[in-house]
Amino acid sequence: MTERVLSTKKNGMAVLLLSILLYILAVVGTILFAGYGLFIPMALCIVYLCVGWLFWPGLKVLGPQEALVLTLFGKYIGTLKGEGFYFVNPFCVAVNPAAKTKLSQSGDVDGSANGAKNLGALLSGSGASKEPASKKLSLKIMTLNNSRQKINDCLGNPVEIGIAVTWRVVDTAKAVFDVDNYKEFLSLQCDSALRNIVRLYPYDVAPGVDTTGDGQADEGSLRGSSEVVAARIRDEIQSKVRQAGLEILEARITYLAYASEIAAVMLQRQQASAIIDARKMIVEGAVGTVEMALDRLNQSGMVELDEERKAAMVSNLLVVLCGSHDAQPVVNTGSLY
């Protein structure tokens, strides 16, 4: 389905003024013709008074970044885009299958909220010809916040992740006619794309994991490569929703954590890894300090130590430098040996 924009229909004000003027003339003509006994012209005026309102359902008012997809007896005739006062065939019907679908998103066109009304139905007072403003499609940039999902990463660990997708409608005909409900379609494709991408990455950097598909291990992870992961999710969603006339502007990870059933275990693992790394650093610093102390003593010739005393000194210094508590020294007031 190819979108066809009706750009030559902004003559709603002229049609409205003309119809009002004809109503006034019909009322005046009915009175005058009745007085002169001219029943045929009087009957024509009365007929117009009865059916003249049929022009008013064809009057459409659109605000900025709104669109209206119109069909005539089931055939797509075009789309009204942009702000303006339009007049179309009064028998045209606006189509929007997703009019009543409300997702966790911003920017839905809501007739009760923005006050935009079908002027023809308002003036005529006819419920049969009334088209609610919710039939309008919003062309604004909208943000979809899908619910958090529990997905296994490439190592099999369950993680909870949520994304926010910024999108907009770029082809109204495809959005309305090529899919059943473009909002639900977008939501389902976001869920599917999220699962397809997240399962390729570990939560944290893991050895021997290939996240790019080039056959070589890399350091990609959900926590450390969030920008790359978000870009891949955006491209995956765009490839799926292009047929629905939607454009994905951006996808961002809004929530990322281990699932509750393994969160405590993974926290202990991270703490143990951090403690081991800290101990390695402390030991390396202590060994360097002891080595420097022995070198300085040898260079200065202040004290001559045999191998046994050197070993005792190294042991004492390592205990002091590597201990997690303050050392309690014992002062020797006797001889050196």
Side-chain angles (χ1 to χ4, degrees), residues 104-105 141-168 170 179 182 184-288 291 322:
S104 300
Q105 63 183 7
I141 296 175
M142 294 180 283
T143 301
L144 170 63
N145 291 309
N146 257 19
S147 58
R148 298 173 185 173
Q149 295 189 62
K150 185 183 294 185
I151 307 172
N152 291 340
D153 66 2
C154 68
L155 300 180
N157 298 321
V159 297
E160 292 185 352
I161 185 170
I163 59 172
V165 179
T166 304
W167 65 283
R168 65 182 176 185
V170 293
V179 293
Y182 66 90
E184 293 181 355
F185 181 77
L186 172 64
S187 179
L188 292 175
Q189 295 303 325
C190 287
D191 293 345
S192 175
L194 185 62
R195 290 186 177 276
N196 290 339
I197 300 302
V198 170
R199 66 180 179 82
L200 301 177
Y201 287 85
Y203 182 88
D204 253 326
V205 177
V209 176
D210 175 23
T211 62
T212 59
D214 58 0
Q216 297 181 357
D218 53 68
E219 297 183 353
S221 66
L222 295 175
R223 193 166 67 94
S225 309
S226 58
E227 294 290 335
V228 177
V229 175
R232 293 187 66 176
I233 293 175
R234 177 209 169 277
D235 295 339
E236 180 77 8
I237 299 173
Q238 181 64 74
S239 65
K240 301 297 184 182
V241 303
R242 185 175 291 108
Q243 60 185 338
L246 306 180
E247 179 185 7
I248 308 300
L249 302 177
E250 189 179 38
R252 291 289 180 182
I253 297 176
T254 57
Y255 181 83
L256 178 63
Y258 280 114
S260 57
E261 56 265 28
I262 67 166
V265 176
M266 288 301 177
L267 179 60
Q268 293 178 354
R269 178 182 176 183
Q270 291 176 356
Q271 291 175 343
S273 177
I275 292 173
I276 293 173
D277 292 340
R279 287 296 180 184
K280 287 181 179 179
M281 186 177 298
I282 291 173
V283 170
E284 289 177 359
V287 171
E291 184 179 2
C322 297

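As a basis for the values below, the full set of heavy atoms in this structure was taken, side chains included, without hydrogen atoms, waters or symmetry mates.
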Which distance, rounded to the nearest 0.5 Å, do you find between the CZ of Arg252 and the CZ of Arg234?
-> 11.0 Å
Measure the CD1-CD1 distance between Ile253 and Ile161 for me, rounded to the nearest 0.5 Å.
-> 4.0 Å
Residues Ala251 and Ala230: closest non-hydrogen pair is O-CB, 3.1 Å
If we only count heavy atoms from C-beta on, is the Asn152 to Asn157 side-chain gap below 4.5 Å?
-> no
Would you indicate whether the side-chain heavy atoms of Cys154 and Val209 approach each other to under 4.5 Å?
-> yes
Have a look at Arg232 and tell me which of Ile237, Val198, Asn196, Ile197 forms a side-chain contact (heavy atoms from CB on, under 4.5 Å) with it.
-> Ile197
Minimum-distance pair of heavy atoms, taken over all atoms of Ser225 and Gly220 = OG-CA, 3.5 Å
CG on Leu256 to OG on Ser221, rounded to 0.5 Å | 9.0 Å
Using a cut-off of 6.0 Å, state whether more than 12 heavy atoms not belonging to Glu250 lie near its atom CD.
-> yes
Spacing of Leu194 atom CG and Ile151 atom CD1 [to the nearest 0.5 Å] | 4.0 Å
Minimum heavy-atom distance between Ala244 and Val179, given as atom pair plus value = CB-CG1, 3.8 Å
For Gln243 and Lys240, which heavy atoms make the closest approach, and how far apart are they?
-> NE2-O, 3.3 Å
If every non-hydrogen atom of Leu246 is compared with every non-hydrogen atom of Gln238, which pair is closest and at what distance?
-> O-NE2, 3.2 Å
Pairwise side-chain contact, Val165 with Ile233, heavy-atom cut-off 4.5 Å (strictly under) = no
Residue pair Val241 / Trp167, side-chain heavy-atom distance below 4.5 Å = no
Say you draw a straight line from CG of Leu222 to CZ of Arg199; how long is it, rounded to the nearest 0.5 Å?
-> 12.5 Å
Between OH of Tyr255 and CD of Gln149, what distance do you get to the nearest 0.5 Å?
-> 13.5 Å
Can you name the nearest heavy-atom pair linking Leu200 to Thr211, along with the distance?
-> O-CG2, 3.5 Å
